[in-house]
Amino acid sequence: MILEKEFYERETITVARQLIGKKLTRKIKNTKLTGIITETEAYRGKDDSASHAATNLTKRNSIMFGPAGMSYVYFTYGMYFMLNVIAKSKKQNAGAVLIRGIYPQDGIEIMIKNRGMKDINNITNGPGKLTIAMNISMKENNLDLTKKSSIYISEGITPKKINKLPRIGISKAVDKKWNFSINSKDYF
DNA sequence: GCTCCGATGTACT
DNA sequence: GTACATCGGAGCA
């Protein structure tokens, strides 16, 4: 079952935690690439100084202020794309969940080819890595992930234990533990 | 296993 | 100009 819009219309941190273990599907023509989400991070609105939406609405971050369940893809460090899902309650002005890692399920051979590496544990375990493996770029920005289109998220596994850690790669609001992940032994 | 560092484009000051 | 929600390779252990 594809997750419905209501799933994303809740507090960003709640959605980030509950996305762990869900199945991410990327469809390219007739091929299907899937993986179990193993790591996420919550980014809120003006109350979160590390978020793109901490300041006013700009061209890049405008999607974070829009409807929940849409994709937000942006380009960073001159060479990497990041995949986010808009998730926010009615009370929040903005919010998104960064998909930081997945564990490959279907189309593993294609993802290995896209990445040019063959270690299955090293092809989609980072936000820049998984977008390369799944061929995600700005073309996939602002898509409706609650519909069966080229990217969607559906029910997956029920994680045994979810880790809660500070977010990675940021310099502001480092005290907030809004990074969620599962260990490899708990994937199945 | 670790730490260090360059690559590279865009938004924003 | 500078910072950036990153990665892989080099060097060392």
- Message: Under a 3.5 Å threshold, yes or no: a donor from one side chain and an acceptor from the other, between A/Asn183 and A/Asn163?
- Response: yes

- Task: Assert yes or no for the condition that the ring centre distance of A/Tyr43 to A/His52 is strictly below 6.0 Å.
- Result: no

- Item | C/dA5 phosphate, OP1 or OP2, under 4.0 Å from A/Ser51 side-chain N/O |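 So the side-chain polar atoms of A/Ser51 never come under 4.0 Å of the phosphate oxygens OP1 or OP2 of C/dA5.
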
- Item | Phosphate-side-chain proximity, A/Arg115 and C/dC7, N/O vs OP1/OP2 below 4.0 Å |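 Negative; the distance criterion is not met.
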
Whole-Å distance between [N] [atom2] and [X] [atom1]?
X: A/Lys177; N: C/dA5; atom1: NZ; atom2: C1'; value: 19 Å
X: A/Asp119; N: C/dG9; atom1: CG; atom2: C1'; value: 16 Å
X: A/Leu83; N: C/dT6; atom1: CG; atom2: P; value: 14 Å
X: A/Glu39; N: C/dT6; atom1: CD; atom2: P; value: 10 Å
X: A/Ile136; N: C/dT6; atom1: CD1; atom2: C1'; value: 16 Å
X: A/Tyr43; N: C/dC4; atom1: OH; atom2: P; value: 12 Å
X: A/Ile170; N: C/dC4; atom1: CD1; atom2: C1'; value: 12 Å
X: A/Lys129; N: C/dG9; atom1: NZ; atom2: P; value: 10 Å

- Task: Determine the Euclidean distance between corresponding P atoms of B/dT13 and C/dA5; express it in Å to zero decimal places.
- Result: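 That atom pair is separated by 14 Å.
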
- Item | Letter per nucleotide, 5' to 3', of nucleotides 8-13 of chain B [B base touched, S only sugar-phosphate touched, - untouched; heavy atoms, 4.0 Å] | BB--S-

- For the residue pair A/Phe81 and A/Phe75, categorise the inter-ring angle as parallel (less than 30°), tilted (30 to 60°) or perpendicular (more than 60°). tilted

- Message: Would you say that more than 12 heavy atoms from the other residues, nucleotides or ligands in this model lie under 6.0 Å from the CD of A/Glu4, or not?
- Response: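 No, CD of A/Glu4 has 12 or fewer neighbouring heavy atoms, counting only those of other groups under 6.0 Å.
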
- Task: Report which part of the nucleic acid A/Met138 touches: base, sugar-phosphate, or nothing (heavy-atom distance under 4.0 Å, all strands).
- Result: nothing

- Message: Just to be sure I understand the rule, does A/Leu98 reach a base, reach only the sugar-phosphate, or reach nothing, if contact means heavy atoms closer than 4.0 Å?
- Response: base

- Query: Who does C/dA5 pair with, Watson-Crick or G-U, both distances under 3.5 Å?
  - Reply: none

- Message: For B/dT8, give the paired nucleotide (Watson-Crick: N1-N3 plus N6-O4 or O6-N4; G-U: N1-O2 and O6-N3; both under 3.5 Å), or none.
- Response: none

- Task: Using atom types as modelled and distance alone, determine if a side-chain donor or acceptor of A/Gln92 lies under 3.5 Å from a backbone N or O of A/Ser89.
- Result: yes

- Looking only at atom types and distance, does a side-chain atom of A/Thr12 sit under 3.5 Å from a main-chain N or O of A/Ala87, one as donor and one as acceptor?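 At least one qualifying donor-acceptor pair exists.
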
- For a side-chain hydrogen bond (donor to acceptor under 3.5 Å, both in side chains) with A/Arg167, tell me which candidate from A/Asp48, A/Asp175, A/Asn179 qualifies. A/Asp48

- Message: From C-beta outward on A/Met117, which listed nucleotide comes closest to its side chain: C/dC7, C/dA5, C/dG9?
- Response: C/dG9

